[in-house]
Amino acid sequence: MSDDPQDKIIHEIDGIQEYDNKLPNWWLYTLYGTMVFAVGYWFHYHVGQFGEGPEAQYQVEVAKANAEQAARIKAAGVMTPEALAALVKDKGTVEQGKQVFAATCASCHRQDGGGVVGPNLTDEFWLHGGAPERVYKSIKDGIADKGMPAWMPVLGPDRVSAVTAYVISLRGTNVAGGKAPQGERESFSMRD
Ligand code: HEC
């Protein structure tokens, strides 16, 4: 191609000239690079789902924060309703509580909490209160003379708070074949 600028003119309308200037190579290759990257990105995150998207990463971060908060609460050992609500959000604590329940409580409350000798813990009826701090108290101190032992001296604070979190997570799940309701009906604003 000649270097004469006149050769580059591809349009001329009303005295306005449009040149066909070649784009510099660095610019073009950057453009092609972004296209290749976009296809690769799309394939990695959306088609193949090899990479974790922001949603999954967010869930991981939330789970980590919940676990850290649960550890702080257990170390402090003060079981306010808010503290118990936070423990219920930590999967690790609830899972620990589930194991304690299976080993220690299932003989009287059934494996799934549906109740045998002890009442159904999965319905919305409570003899001693279904609010988190009431459930905690029932488990910690037991119900003297009614066959529900006090668990704090047996299990210690860590396992008592974990099993409380698990029992709170069972509330209102109404397992099949559970024992008939006992006590007062309560509805809960805090359940997740
Ligand atoms: C030896 C049998 C027995 C074992 C073991 C037992 N419980 Fe109980 N539990 C009972 C009985 C009986 C009651 C009902 C007391 C009453 O009638 O007032 C009860 C009541 C409760 C309540 C109160 C329910 C309400 O309606 O207010 C909770 C919560 C509870 N148990 C949790 C647990 C947990 C958690 C464990 C294990 C750490 C456990 N129990 C182990 C027999 C047992």
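No hydrogens, no waters, no symmetry mates; every other heavy atom, side chains included, goes into these values. We count ligands from 1, going down the list as the structure has it; atoms in each ligand are counted the same way.
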Nearest protein heavy-atom contact for atom 26 (O) of ligand 1: which residue, which atom, what distance?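 Here the nearest protein heavy atom works out to Leu127 N, 2.8 Å.
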Protein heavy atom at shortest distance from atom 12 (C) of ligand 1: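 Residue, atom and distance for the closest contact: Lys146 O, 3.2 Å.
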Is the closest N or O pair between Leu155 and ligand 1 shorter than 3.5 Å?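 Checking ligand 1 against Leu155, no N or O pair falls under 3.5 Å apart.
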Before signing off on this row, confirm whether Gln182 and ligand 1 have an N or O atom pair separated by under 3.5 Å.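 The answer is no, given that Gln182 and ligand 1 share no N or O pair closer than 3.5 Å.
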Is a side-chain donor or acceptor of [X] paired with a backbone partner of [Y] at a separation under 3.5 angstrom?
{"X": "Asp123", "Y": "Phe125", "result": "yes"}
{"X": "Lys179", "Y": "Val116", "result": "yes"}
{"X": "Arg134", "Y": "His128", "result": "yes"}
{"X": "Trp151", "Y": "Pro149", "result": "yes"}

Between Gly118, Gly147, Pro119, Ala150, flag the one that comes closest to atom 14 (C) of ligand 1 by a heavy atom.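 Checking each option, the heavy atom nearest atom 14 (C) of ligand 1 is found in Pro119.
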Taking atom 35 (C) of ligand 1 as the point of reference, which of Ser138, Gly130, Pro149, Cys105 owns the nearest heavy atom?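 Among Ser138, Gly130, Pro149, Cys105, the closest heavy atom to atom 35 (C) of ligand 1 comes from Cys105.
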Take a 6.0 Å sphere around NZ of Lys74 and say whether it holds more than 12 heavy atoms from other residues, nucleotides or ligands.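 Counting neighbours around NZ of Lys74, more than 12 heavy atoms of other residues, nucleotides or ligands fall under 6.0 Å, so yes.
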Ligand 1 versus Leu121, non-hydrogen atoms closer than 4.0 Å: side chain, backbone, both, neither?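 It is the side chain that touches ligand 1; the backbone stays farther off.
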List the steps, then state whether side chain to side chain donor-acceptor pair (under 3.5 Å) holds for Glu124 with Asn174. CA-CA 8 Å; Glu124 294 179 336; Asn174 291 307; 5.1 Å; no
Which ligand 1 atoms, with their elements, are less than 4.0 angstrom from a heavy-atom of Ile143?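 Numbered from 1, ligand 1 contributes 18 (O), 20 (C).
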Sub-4.5 Å side-chain heavy-atom contact between Ser161 and Leu87: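 A side-chain contact exists here, since the closest heavy-atom pair is under 4.5 Å.
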What angle, to the nearest 10°, do the atoms NE2 (His109) and SD (Met148) form about atom 8 (Fe) of ligand 1?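 Centred on atom 8 (Fe) of ligand 1, the NE2/SD angle is 180° (to 10°).
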